[in-house]
Amino acid sequence: MIYTPEKYSIPDEKMKPFIDKNEILEILKRTESPTKELVREVIKKSLNKKRLSLEETSILINANSEELINEIKQGAKTLKEQVYGQRIVLFAPLYVGNLCINNCKYCGYKASNTSVKRVTLNEKELIKQVEALEDTGQKRLILVYGEHPKYDPEFIAKSVKTVYNVKKGNGEIRRVNINAAPLDIEGFRTVKKSEIGTYQIFQETYHIDTYNDVHISGIKSNFDWRLTSLDRAQEAGIDDVGIGALFGLYDWRFEVMGLVRHVNHFEAVYKVGPHTISFPRLQNASGLDIDKKHLVSDKDFTKLVAILRLAVPYTGMILTARESSKIRDEIMEFGISQIDGGTNIEMGGYTNESEEQELDNEQFQINDNRSLGEIIEELVEKEHIPSFCTACYRVGRTGEHFMEFSVPGFIKSYCQPNAILTMVEYLEDYAKPELKEKGYNMINKKLINYTDKKFKSKLLERIEKVKKGERDLYF
Ligand code: SAM
């Protein structure tokens, strides 16, 4: 029998903390050693595009035999293929400022770390970074800020507007997402006006004792203020939000449950889940001061990503350059929808001539140093369609992640053709000849699958227009 949706010990209400540590621990205990049948039933439910309850997620977490873990991974792979198709959205992070008043044991930018050079990009410097990113073909950025009074909502909004205004050649940034400290409702309103995409805030750990231990001082040490931050964003009209946990601070099983509980909270109160889930894994950082006992092995990491895919089938999943190219390639199959490419997280790093990234200048170490071009080439070789698409947000198809998921044919009619159109722009404007050839070969192969002649001719017409110099065409 599959467990029915849980009755939460803490009811879901707007802006009220919703994590009950004992409830999560009790469910994890109650579902220990599930039968094969039960695990298979849960996978089947997810393949029917149903979000899993906490109990069902916990059943997958507690499935420990190789056989069942392989079935979970296969399930995630099938779901990805059925729902999301072959496209992967690309973006780059851009650090705007690393001043910080918090002291978090895992973070290289903690206030007490005096070996870090503190930098806030001024307008001119920000423009230079964006131009350098546009020169490589980027169209989507996530701006990252430390937590500091200087980075108030007006500052954030102004930097977003600056980025949107930078146009170099055919380059432009069409979507600016944010990763910054939690704001109050007024603050979120101010930032919303600058037309941000997703506001992303990670809880880091949903386990309150660990949270209190690793966040020594600063505003971030208030668990509930952070936990309810995206509720305040919703109140301010930002319904496009990203959640995440920093894996390695506490038991990964608990964190997966925390993330799913966060999704449930959003669904219960706002009738919309988060747009994206992130699962950064703890990396080395300057002054890192962490108990290593909860570090997550590659094996568990792969399993947990597959479980998250199955638990929340409609949400975008982001895998960053914290992970090596090998892990990224392996895990991408299990339902990743977005990756960063050509990443440099040093302050001002995109115009830095030196190839070496220095730990003292970064928030943490990254493990995938491939350029955007190299990543695109590898995606193409594996028959993924790299995408810089930003169409839905700009034509007001909101809640688009639900559409991708629930509107039959949405991927085929919108996401895939738009991915192809942005790929053609990239091939024309930025690709080396060899990649251009490979890219067009891949596109031609994908075009064969379009059997609707009318639609195909529209798509071909737009491809030709892009080749002749028109830009920003989409369905
Ligand atoms: N100051 C903002 C905040 O506190 O939300 C920005 C944080 S930072 C750019 C984004 C994320 O990087 C953090 O939320 C955390 O999950 C992650 N991070 C911090 N230290 C890390 C480390 N040593 N290894 C991997 N990820 C880390």
Side-chain angles (χ1 to χ4, degrees), residues 91-111 113 116 118-120 141-152 155-156 159 177-183 187-188 191 198-206 210-211 214-223 225-227 229-230 232-233 241-250 252 255 258-259 276-292 294-296 301 318-324 327 340 343-347 349 357 359-368:
F91 70 95
L94 171 56
Y95 278 65
V96 180
N98 67 359
L99 292 173
C100 200
I101 51 167
N102 296 318
N103 272 304
C104 312
K105 285 185 177 177
Y106 49 82
C107 181
Y109 287 162
K110 61 169 84 83
N113 189 357
V116 165
R118 303 287 165 176
V119 180
T120 303
L141 299 185
I142 181 153
L143 302 186
V144 185
Y145 309 75
E147 182 152 8
H148 193 272
K150 187 165 179 172
Y151 311 142
D152 61 15
F155 177 92
I156 295 176
S159 53
N177 298 331
I178 298 288
N179 181 313
L183 304 174
F188 278 120
V191 173
T198 308
Y199 201 106
Q200 186 187 68
I201 295 176
F202 304 155
Q203 185 60 25
E204 319 299 10
T205 170
Y206 287 90
T210 304
Y211 190 96
V214 297
H215 297 103
I216 303 168
S217 62
I219 306 174
K220 194 164 174 179
S221 58
N222 186 330
F223 180 86
W225 175 249
R226 197 162 181 94
L227 188 66
S229 55
L230 295 174
R232 294 193 296 283
V241 297
I243 64 170
L246 180 54
F247 280 88
L249 297 178
Y250 187 60
W252 66 265
E255 306 298 9
L259 286 167
T276 55
I277 299 185
S278 300
F279 23 86
R281 192 160 52 148
L282 194 67
Q283 304 298 326
N284 196 15
S286 162
L288 186 79
D289 170 26
I290 282 292
D291 183 347
K292 307 245 163 50
H294 294 299
L295 292 186
V296 182
F301 191 59
I318 303 179
L319 184 65
T320 68
R322 290 176 181 85
E323 300 297 334
S324 66
I327 290 284
D340 51 344
T343 295
N344 189 314
I345 60 171
E346 270 187 30
M347 295 300 312
Q357 299 190 19
L359 200 55
D360 266 354
N361 291 333
E362 296 172 338
Q363 192 188 16
F364 48 80
Q365 187 179 327
I366 61 168
N367 291 300
D368 185 350

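Read the numbers this way: they start at 1 and go in the same order the structure lists the ligands and their atoms. We number each residue from 1, following the sequence as shown.
For the residue pair N103/S217, the side-chain donor-acceptor check at 3.5 Å is satisfied. No hydrogens or angles considered: a donor-acceptor pair under 3.5 Å links the side chains of T120 and Y151.
Atom CD of Q200 and atom CD1 of I243 lie 10.5 Å apart (nearest 0.5 Å). A distance of 8.0 Å separates OG1 in T205 from CD in Q203, rounded to the nearest 0.5 Å. How far SG of C100 is from CG of N113: 11.0 Å, rounded to the nearest 0.5 Å.
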Polar pairs, ligand 1 vs protein, N/O only, below 3.5 Å.
unit_1   : atom_1 : unit_2 : atom_2 : d
ligand 1 : 1 (N)  : Y145   : O      : 3.0
ligand 1 : 4 (O)  : K220   : NZ     : 3.0
ligand 1 : 5 (O)  : R226   : NH2    : 2.7
ligand 1 : 12 (O) : R322   : NH2    : 2.9
ligand 1 : 14 (O) : E204   : OE1    : 3.3
ligand 1 : 14 (O) : E204   : OE2    : 2.5
ligand 1 : 16 (O) : E204   : OE1    : 2.5
ligand 1 : 23 (N) : Y106   : O      : 2.8
ligand 1 : 23 (N) : Q283   : O      : 3.0
ligand 1 : 24 (N) : Q283   : N      : 2.9
ligand 1 : 26 (N) : R322   : NE     : 2.9

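A donor-acceptor pair is defined here as one N or O able to donate and one able to accept, closer than 3.5 Å; such a pair exists between the side chain of R118 and the backbone of N98.
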